[in-house]
Amino acid sequence: MKAIDIANLLNGKLEGNPDLEISNVGKIETAGRNEISFISNPRYNKFYITTNAGALIISNDFVIKNPRNDITIIRVEDSYLSFLKLLELFYNSKTDDVIGISENCIIGENPELGENIYIGDFVKIGDGCFIGDSTKIHSNCTLSNKICIGKNCTFFPNVVVYDNCIIGDNVTIHSGSVVGCDGFGNARQKDGSYKKIPQIGIVVIEDNVEIGSNCSIDRATIGETKICKGVKLDNQIQVAHNVYIGENTAIAAQVGIAGSTKIGKRCMIGGQSGLVGHITICDDVIIGASVGVSKSITKSGMYSGYRSKPHKEDLKEQVLIKQIEKLKDQINKLSRSE
Amino acid sequence: MKAIDIANLLNGKLEGNPDLEISNVGKIETAGRNEISFISNPRYNKFYITTNAGALIISNDFVIKNPRNDITIIRVEDSYLSFLKLLELFYNSKTDDVIGISENCIIGENPELGENIYIGDFVKIGDGCFIGDSTKIHSNCTLSNKICIGKNCTFFPNVVVYDNCIIGDNVTIHSGSVVGCDGFGNARQKDGSYKKIPQIGIVVIEDNVEIGSNCSIDRATIGETKICKGVKLDNQIQVAHNVYIGENTAIAAQVGIAGSTKIGKRCMIGGQSGLVGHITICDDVIIGASVGVSKSITKSGMYSGYRSKPHKEDLKEQVLIKQIEKLKDQINKLSRSE
Amino acid sequence: MKAIDIANLLNGKLEGNPDLEISNVGKIETAGRNEISFISNPRYNKFYITTNAGALIISNDFVIKNPRNDITIIRVEDSYLSFLKLLELFYNSKTDDVIGISENCIIGENPELGENIYIGDFVKIGDGCFIGDSTKIHSNCTLSNKICIGKNCTFFPNVVVYDNCIIGDNVTIHSGSVVGCDGFGNARQKDGSYKKIPQIGIVVIEDNVEIGSNCSIDRATIGETKICKGVKLDNQIQVAHNVYIGENTAIAAQVGIAGSTKIGKRCMIGGQSGLVGHITICDDVIIGASVGVSKSITKSGMYSGYRSKPHKEDLKEQVLIKQIEKLKDQINKLSRSE
């Protein structure tokens, strides 16, 4: 593909060699002569001087101090979004579409299977499952009984879904994730031992959800654990029984959400944060990384700290702790002067 | 099932329609006319006004201010425990019992297999394994060599157990959990590289243990990593080599326990907490969520904080930090008045 | 094996019965008459009095106050390293070498397979994979397409590797780990929903790396996520896209490393710590357990705290917080005395 073709595709303005052959996209630090890269974050401006990329996507307002005539420039309105478009272009040209049902899979009784589906080797599908058109179930997955999966889903190898769960369209689940395992419900007996509380609810995952690798999404005790439309979960996330995650909320890796907690729409939760059970987080809340959320949050905004608080309060507290020593000195001085 | 039958089953007192047909249990917020729900936690009292449940289990001392004649009431001593009984009833009527050995599994040499066992598709069982009566090994599990598993166990799909581990009766392990992987033992060499310390011990899991999904239970370096009778582990828990977890201790999701640490009986550990290695936690300790336990605990009670301390001290410290600003003001005033 | 043979093997000096038969290694607390144990950490000196071990490895400078004539002693320069040698000896005598390709695995087109490899039951290997000599892929693993794996690797059951990843020699990956899953890249759209950013990079794992169970190593967005030579990862570790981990760095369980962060050589990171994205940690840094690292670290040394700081500062801050109450008292006294 020529640089000028890419410029046209992105509605960009080319400066340099329109005929430069571009074979791939690359990171600005490591891209080579036939690769195209981009600058979006100002922290990467410095790489303009050193990059070996043959072409660069930059924003219309990017000011070049020392122009290099060995780089072909494509100017666009938003260099990041334009680069994403390119990524997709090169990605689609690389993925190969698999279709068909392996001879080495087991499918239970009364399945309803859509068109153009893929079911890989050593997949076990229980009785009464529904699988929508163009859905791909890769090798070594297990879907138990009476599971309903929509269209265009991709389950990577080694995903497990327990009985009765319901999954929408365009859902991607990465390897090692488990959907519908039992919630952690145990009633303590007088002798100190526990009696299991049966977990008879299900998990409902709506359309356009992506779930990373090695996540655990517990089924509800009764009713549903629900992951709403457009939610994005990173790897190793724990979602306990009866949790509700609102539309388009994004959650980073290793977050844990305890039972019955309800998270609103468009929230963003940083890695390793934990939410206790039975609380409610309103819409549009941003929670930092490694934050412990022990109370409901009723006002949108940014929260941080070992015990979550509004980000400004948290910053103030950090400053105050650093001042204790100075206070000590002042007090000692005052005491002496007395 | 009629409401009166449920009342009799629970030794409860019925108020309302004894002939109401009950087809399922439901959450008070979402239950319908033919479902029965319950109120136990006072925070849910308000739902008495709004629920659509046909019947409710409540405690003998629950005071109804504005009686509704469209709800059939069953009064019992402990509404929560009674509801659990019902849950089990409806759960048992739903589970279907699988039995038999799949033609698509591989079993190694000299197995000892009990009666009424289930071994699912694509299960690999190594040489010299013992599997007790009525135990179920679901699809895509791997049991390596010389593993001993008791009666009435359930291993959900994709569980892995490494060589020589010993598992008792009535043990449930959820999908993606790994029992007996190598402990993290590496001896640093003079050139900065590491030499692996062979992990030749095993894991012993006693009776009535439940392990959630995606847990890792490391084998001992030498000797045993031990999970005692009645322990309940939630999802994504890390148990390092040579850890000992005492009877009837319950541990919430994403907790990590470092090597050789010993935890007593009847402890409860909140989600995401971490325990360093080589410490001892005595019996009946309650550790909050996201607590870092860096020292042994020798007195039962409740502990919390980023660095675990008795819960009261932790609360006090939180209050003190909030007072620094006031102290600053006082000191400034004193300094000026001097 | 006789005690004298072990003494010779370790270049040690025997005191006691040279003909004592040693059948295994054991922990000092639980070892029996025909087992050999060791004392290295002074905290274990007390067990000299109580151990039932038939033989003990101790250091040349270990002073025995009350000699026991029922224990055979082998004195060496470094008792710990000598014990590790023994561990390996007994470990190697126990492991059985598997070789061969199961009839119950599926291998795609154009494989390049080395000599003496093992491919277990229900393993799925995609098209165009290369597997080096003496590498073992245990049951229920899935290797997708165009994966390159070196010599002498061991993949325990249920490991998944996505397309195009490159793995060196002598690499061990434990069960449930996922290499090459998509990084968490999502571009927010104006309506609050997310558009997936294709992850077209790969993961490169160099020689002599060990990865614990249930880890997630994301592929790069573009370019490589790289785990350098000799790195040791414990269980349940999250490595995000485009992370770089330098040679001989060791990372304990449940650590999370966010995208594009670069970690130097010979670092040690404690359990449950988290590193935000786009930072750089220099060589020879030690990070404690449960530390939140939110800024680059440019000086080697030890760091700790909820928000990582040099360990000394962290200790000082802890002391200061404890002094607030005393300061309050002093201020009150000063105010009154005014």
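- Only the backbone of B/I251 comes within less than 4.5 Å of a heavy atom of chain A; no side-chain atom from C-beta onward does.
- With respect to chain B, the highest number of heavy-atom pairs below 4.5 Å among A/G277, A/G223, A/A258, A/C215 belongs to A/C215.
- Counting heavy-atom pairs closer than 4.5 Å to chain B, the top residue among A/G185, A/G183, A/S193, A/A187 is A/S193.
- Proximity to chain B (any heavy atom under 4.5 Å) is restricted, for A/Q323, to the side chain, taken from C-beta onward.
- Interface summary for chain B: among A/Q199, A/E224, A/K195, A/Q236, the most heavy-atom pairs under 4.5 angstrom belong to A/Q236.
- Among B/H138, B/K322, B/E210, B/E247, the residue with the largest count of heavy-atom pairs under 4.5 Å with chain A is B/E210.
- Neither the backbone nor the side chain of A/S139 has a heavy atom closer than 4.5 Å to any heavy atom of chain B.
- With respect to A/I125, the side-chain contact (heavy atoms from CB on, under 4.5 Å) criterion is satisfied by exactly one of A/I147, A/L143, A/T142, A/L113: A/L143.
- For B/Y306, the parts lying near chain A are the backbone and the side chain together; criterion is any non-hydrogen pair under 4.5 Å.
- At a cut-off of 3.5 Å, with distance as the only test, no side-chain donor of A/T154 or A/T172 sits close to an acceptor on the other residue.
- A donor and an acceptor atom, one from each side chain of B/S175 and B/N158, are nowhere located under 3.5 Å apart.
- Contact of B/E325 with chain A is made through backbone and side chain together, with heavy-atom distances under 4.5 Å.
- Contact of B/Q318 with chain A is made through the side chain alone, with heavy-atom distances under 4.5 Å.
- By the 30° and 60° cut-offs, the orientation of the rings of B/F38 relative to B/F83 is parallel.
- With B/N248 as the partner, the side-chain contact (heavy atoms from CB on, under 4.5 Å) test is satisfied by one option alone out of B/K232, B/R266, B/K229: B/R266.
- In the displayed structure, B/E77 atom CD is contacted under 6.0 Å by at most 12 heavy atoms of other residues, nucleotides or ligands.
- Residue contact with chain B, scored on non-hydrogen atoms closer than 4.5 Å, is absent for A/I257.
- Of the atoms belonging to A/V161, not a single heavy atom falls under 4.5 Å from chain B.
- For A/K309, the NZ atom counts as densely surrounded, since its 6.0 Å shell holds more than 12 non-hydrogen atoms of other residues, nucleotides or ligands.
- Within the 4.5 Å cutoff, side-chain heavy atoms of B/N104 are placed close to those of A/I106.
- Atom NZ of B/K265 sits in a sparse spot, with 12 or fewer heavy atoms from other residues, nucleotides or ligands closer than 6.0 Å.
- A/D218 touches chain B through its side chain: at least one heavy atom from C-beta onward sits under 4.5 Å away, while N, CA, C and O do not.
- Neither the backbone nor the side chain of B/Q330 comes within less than 4.5 Å of any heavy atom in chain A.
- For A/K146, the NZ atom is loosely surrounded, since the number of other residues' heavy atoms within 6.0 Å does not exceed 12.
- Residue contact with chain A, scored on non-hydrogen atoms closer than 4.5 Å, is absent for B/N208.
- For the residue pair A/T225/A/N242, the side-chain donor-acceptor check at 3.5 Å is not satisfied.
- The aromatic rings of B/H174 and B/F156 lie parallel to each other, their planes meeting at an angle below 30°, with 60° marking the opposite boundary.
- Both the backbone and the side chain of A/N140 come within less than 4.5 Å of a heavy atom in chain B.
- Top candidate by heavy-atom pairs under 4.5 Å with chain B, chosen from A/S177, A/G292, A/G256, A/G201, is A/G256.
- Contact of A/K316 with chain B is made through the side chain alone, with heavy-atom distances under 4.5 Å.
- Of the residues considered (A/D182, A/V276, A/I321), A/D182 shows the highest number of contacts with chain B, using heavy-atom pairs under 4.5 Å.
- Proximity to chain B (any heavy atom under 4.5 Å) is restricted, for A/I324, to the side chain, taken from C-beta onward.
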